[in-house]
Undergrad: 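Let me give you the structure first, and then I'll get to my questions.
The structure displayed is predicted, hence computed values, not measured ones.
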Amino acid sequence: MTNKMKKIIDWCGPIKGMLINLQFFTIVPIPYELPMDKKHMTYAVKFFPLLGLLQGAIFVGALYLLTNYTPFSTLATAFILWLLTIIVTGGLHIDGWMDASDAFFSYQQIDKRLEIMKDPRTGAFGVISVIILLSGRFLFIYEIIDMLSTSSFIFILTLPFLSKSLMGYLLLNVPAAKQEGLGHFFQKSVPKNALFIYPFYILLYLVFVILFYHQVIEFVLLLILITLLAGFYFKRKIIKWFSGITGDVLGASVEGVEWILWMSIWLLHYFATV
């Protein structure tokens with residue numbers, strides 16, 4: 001990284017916030033030591049939805065190129081896109097899904113569940129749950145591509161935008177289950193008012209959808225509603241099952257809502273004119 005680039009990054013806090021997100025939640029290599037103070041962590045949380053939008057743009061771009069400029073079959077295209085959804089995040093949230101599944105299906109007391117999530121070994125329930133998660137996602141992606149339309153691209157762009165927005169909501173609105181780890185670190189550093197910008201993101205995104213492809217606006221609103229309902233449900237159950245949020249539980253929540261949204265998009269292709 002050049003000295004000029006470093007000066008630009010040093011000067012611009014929002015850029016650092018976005019780079020923190022890329023460093024934490026993607027496989028993008030960031031060869032720069034980023035400050036983890038309150039100011040920059042707040043920027044990072046404010047930009048969670050934009051991180052999701054960037055991921056969605058990667059998925060949509062890859063899908064467009066695969067379907068228009070390669071001879072790959074629907075099956076091959078679906079597999080590549082499915083693989084990309086795992087690779088982009090480095091499997092970070094999937095790891096949380098497996099750890100949280102092992103803890104939940106142990107049917108132990110909360111303190112024991114928290115101990116299980118710290119165990120680096122993966123149990124049988126973690127393996128079974130990730131097979132169901134990933135095989136279900138592959139089915140949804142394959143059949144969405146098989147019925148591909150312009151609306152499909154809008155929905156796929158919307159999906160990580162909503163899941164990362166939910167990630168920010170849960171992170172700052174569910175108490176931490178323990179006084180350590182990623183969840184507690186973010187909560188300690190970021191005030192709740194960092195989320196005030198999220199409704200403006202959603203409003204701007206809806207304007208974009210109306211201008212670009214207004215025929216699907218009601219379906220995008222439906223996906224937003226599904227995400228909100230999932231968020232309220234997850235918030236209650238996280239407190240009941242784990243006494244609060246941890247990095248693993250947060251990752252599992254992101255994977256859970258994305259699975260629900262992939263399923264919703266798949267069902268829309270069957271039962272709605274999209």
Undergrad: May I ask you to test the L50-N21 pair for a side-chain heavy-atom distance under 4.5 Å?
TA: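 Side chain of L50 against side chain of N21, heavy atoms only: no contact under 4.5 Å found.
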
Undergrad: Partners of F24 by ring-ring contact (aromatic ring centres under 6.0 Å, His included), sequence neighbours excluded?
TA: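 Once residues adjacent in sequence are excluded, the partners of F24 under the ring-ring contact (aromatic ring centres under 6.0 Å, His included) criterion are F186.
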
Undergrad: How far apart are the closest heavy atoms of L34 and Q23, and which atoms are they?
TA: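 Distance-wise, the nearest heavy atoms are CD1-OE1, 3.7 Å.
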
Undergrad: Would a 4.5 Å heavy-atom cut-off, applied to side chains only, mark P191 and K38 as touching?
TA: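 Yes - at least one pair of side-chain heavy atoms lies under 4.5 Å apart.
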
Undergrad: Are Y213 and V207 connected in the hydrophobic side-chain network, where two residues link if heavy atoms are under 4.5 Å apart?
TA: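 No; V207 is not reachable from Y213 via cluster members.
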
Undergrad: Roughly how far apart are D146 CG and I141 CD1, rounded to 0.5 Å?
TA: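 Between atom CG of D146 and atom CD1 of I141 there are 13.5 Å.
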
Undergrad: Got a donor-acceptor contact below 3.5 angstrom from the D99 side chain to the D102 backbone?
TA: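 No; zero donor-acceptor contacts below 3.5 Å.
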
Undergrad: May I ask you to check whether Y198 and F48 place their ring centres under 6.0 Å from each other?
TA: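 No, too far apart.
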
Undergrad: Of all the heavy-atom pairs spanning A78 and I145, show the shortest one and how long it is.
TA: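 Result for this residue pair: CA-CD1, 3.5 Å.
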
Undergrad: When you look at F155 and I144, which way does the side chain to side chain contact (heavy atoms under 4.5 Å, CB included) test go after all the steps?
TA: CA-CA 10 Å; F155 296 151; I144 289 167; over 6 Å; no

Undergrad: Can you hop from L84 to F140 via hydrophobic side chains spaced under 4.5 Å?
TA: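 They do share one cluster, since a chain of ILVMFWY contacts under 4.5 Å joins L84 to F140.
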
Undergrad: Let me check something: any side-chain donor-acceptor pairs from residues 223-239 under 3.5 Å, sequence neighbours excluded? List them with distances.
TA:
unit_1 : atom_1 : unit_2 : atom_2 : d
T227   : OG1    : L223   : O      : 2.8

Undergrad: Taking atom CD1 of I15 and atom CE of M18, what is their separation to the nearest 0.5 Å?
TA: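 Going from CD1 on I15 over to CE on M18, the span is 11.0 Å.
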
Undergrad: Would you call the rings of Y270 and W266 parallel, tilted or perpendicular, where under 30° means parallel and over 60° means perpendicular?
TA: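 The rings of Y270 and W266 stand perpendicular, inter-plane angle above 60°.
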
Undergrad: Can you see which heavy atom on P49 is nearest to which on V45, and at what distance?
TA: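 Heavy atoms only, the tightest pair is CD-O, 4.1 Å.
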
Undergrad: Do I27 and V88 sit in the same hydrophobic cluster, where Ile, Leu, Val, Met, Phe, Trp and Tyr count as joined when their side-chain heavy atoms come under 4.5 Å apart?
TA: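 Yes: a chain of side-chain contacts under 4.5 Å links I27 to V88.
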
Undergrad: Got a second to check how far Y169's OH is from L195's CG, nearest 0.5 Å?
TA: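 These two atoms lie 9.0 Å from each other.
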
Undergrad: Can you check side chain to side chain contact (heavy atoms under 4.5 Å, CB included) on L268 and L222, steps first, answer last?
TA: CA-CA 10 Å; L268 282 175; L222 176 61; 4.2 Å; yes

Undergrad: Hey, does S189 have a side-chain heavy atom less than 4.5 Å from the side chain of M36?
TA: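 A side-chain contact under 4.5 Å is absent here.
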
Undergrad: So, for L172 and A194, which heavy atoms are closest and what is the spacing to 0.1 Å?
TA: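 Shortest heavy-atom separation between L172 and A194 comes out as CD1-CB, 4.3 Å.
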
Undergrad: For residues S152 and M147, report the shortest heavy-atom separation together with the two atoms involved.
TA: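 Closest pair (atom of S152, atom of M147, distance): OG-O, 4.2 Å.
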
Undergrad: Output the rest of the hydrophobic cluster of L203: all Ile, Leu, Val, Met, Phe, Trp and Tyr residues reachable through side-chain heavy-atom contacts under 4.5 Å, sorted by chain and number.
TA: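 Members alongside L203: none; it stands by itself.
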
Undergrad: How long is the span from the OG1 atom in T158 to the CD1 atom in I202, to the nearest 0.5 Å?
TA: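 If I round to the nearest 0.5 Å, the distance is 11.0 Å.
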
Undergrad: Atom CG in L166, atom CG in L162: separation rounded to 0.5 Å?
TA: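 With rounding to 0.5 Å, CG (L166) is 9.0 Å from CG (L162).
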
Undergrad: Mind checking the CG-CE spacing from L261 to M263? Nearest 0.5 Å is all I need.
TA: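 Atom-to-atom, L261:CG and M263:CE are 9.0 Å apart.
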
Undergrad: Indicate the ring-plane relationship of F104 and Y107, choosing parallel, tilted or perpendicular according to the 30° and 60° boundaries.
TA: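 Answer is tilted, since the angle falls between 30° and 60°.
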
Undergrad: Look at R121 together with D119 and state whether they make a salt bridge at an N to O cut-off of under 4.0 Å.
TA: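 A salt bridge links R121 with D119.
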
Undergrad: Applying the side-chain contact (heavy atoms from CB on, under 4.5 Å) test to Q55, which of T89, L159, L157 qualifies?
TA: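 Among T89, L159, L157, the one meeting side-chain contact (heavy atoms from CB on, under 4.5 Å) with Q55 is T89.
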
Undergrad: Taking atom CD of E218 as the centre, does the number of heavy atoms from other residues, nucleotides or ligands within less than 6.0 Å exceed 12?
TA: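 More than 12 within 6.0 Å, yes.
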
Undergrad: Sub-3.5 Å donor-acceptor pair from the side chain of W82 to the main-chain atoms of L134, do we have one?
TA: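 Pair found, side chain donor or acceptor close to backbone of L134.
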
Undergrad: What side-chain donor-acceptor pairs closer than 3.5 Å can you find for residues 241-259, not counting sequence neighbours?
TA:
unit_1 : atom_1 : unit_2 : atom_2 : d
T246   : OG1    : D248   : N      : 3.4
T246   : OG1    : V249   : N      : 3.1
S253   : OG     : V249   : O      : 2.9
E255   : OE1    : R137   : NH2    : 2.5
E258   : OE2    : S163   : OG     : 2.7
W259   : NE1    : L133   : O      : 3.2

Undergrad: Are I94 and I132 connected into the same hydrophobic cluster when the rule is that any two of I, L, V, M, F, W, Y join if their side-chain heavy atoms are below 4.5 Å apart?
TA: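 As far as the 4.5 Å side-chain criterion goes, I94 and I132 are not connected within one cluster.
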
Undergrad: Residues sharing F200's hydrophobic cluster, by side-chain heavy-atom contacts under 4.5 Å among ILVMFWY, directly or via others?
TA: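 F200 shares its hydrophobic cluster with no other residue.
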
Undergrad: Check whether any side-chain N or O of Y201 sits under 3.5 Å from a backbone N or O of F47 as a donor-acceptor pair, and report yes or no.
TA: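 Side chain of Y201 to backbone of F47, a donor-acceptor pair under 3.5 Å: no, none is there.
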
Undergrad: Check the pair F105, I128 against side chain to side chain contact (heavy atoms under 4.5 Å, CB included), reporting the backbone distance first and the verdict last.
TA: CA-CA 11 Å; F105 288 109; I128 293 169; over 6 Å; no

Undergrad: Decide side chain to side chain contact (heavy atoms under 4.5 Å, CB included) for M117 and K178; before the verdict, give the C-alpha distance in whole Å, the side-chain angles of both, and the deciding distance to 0.1 Å.
TA: CA-CA 12 Å; M117 283 192 288; K178 51 187 180 180; 5.8 Å; no

Undergrad: Only pairs under 3.5 Å count here: list side-chain donor-acceptor contacts from residues 57-64, not counting sequence neighbours, and write none if there are none.
TA:
none

Undergrad: Specify the closest pair of heavy atoms between F196 and P199, including all atoms of both residues, with the distance to one decimal.
TA: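 Here F196 and P199 meet closest at O-CD, 3.2 Å.
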
Undergrad: Under a 4.5 Å side-chain heavy-atom rule over Ile, Leu, Val, Met, Phe, Trp and Tyr, are F271 and I217 clustered together?
TA: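 Yes; tracing contacts between hydrophobic side chains, which count when under 4.5 Å, links both residues.
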
Undergrad: Do other residues, nucleotides or ligands put more than 12 heavy atoms under 6.0 Å from the CZ atom of F208?
TA: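 Yes, enclosed.
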
Undergrad: Under a 4.5 Å cut-off applied to non-hydrogen side-chain atoms, are W262 and I156 in contact?
TA: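 The answer is yes; the side chains approach within 4.5 Å.
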
Undergrad: Checking the side chain of Q108 only, and the main-chain atoms of A103 only, is there a donor and an acceptor separated by less than 3.5 Å?
TA: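 Answer holds: no.
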
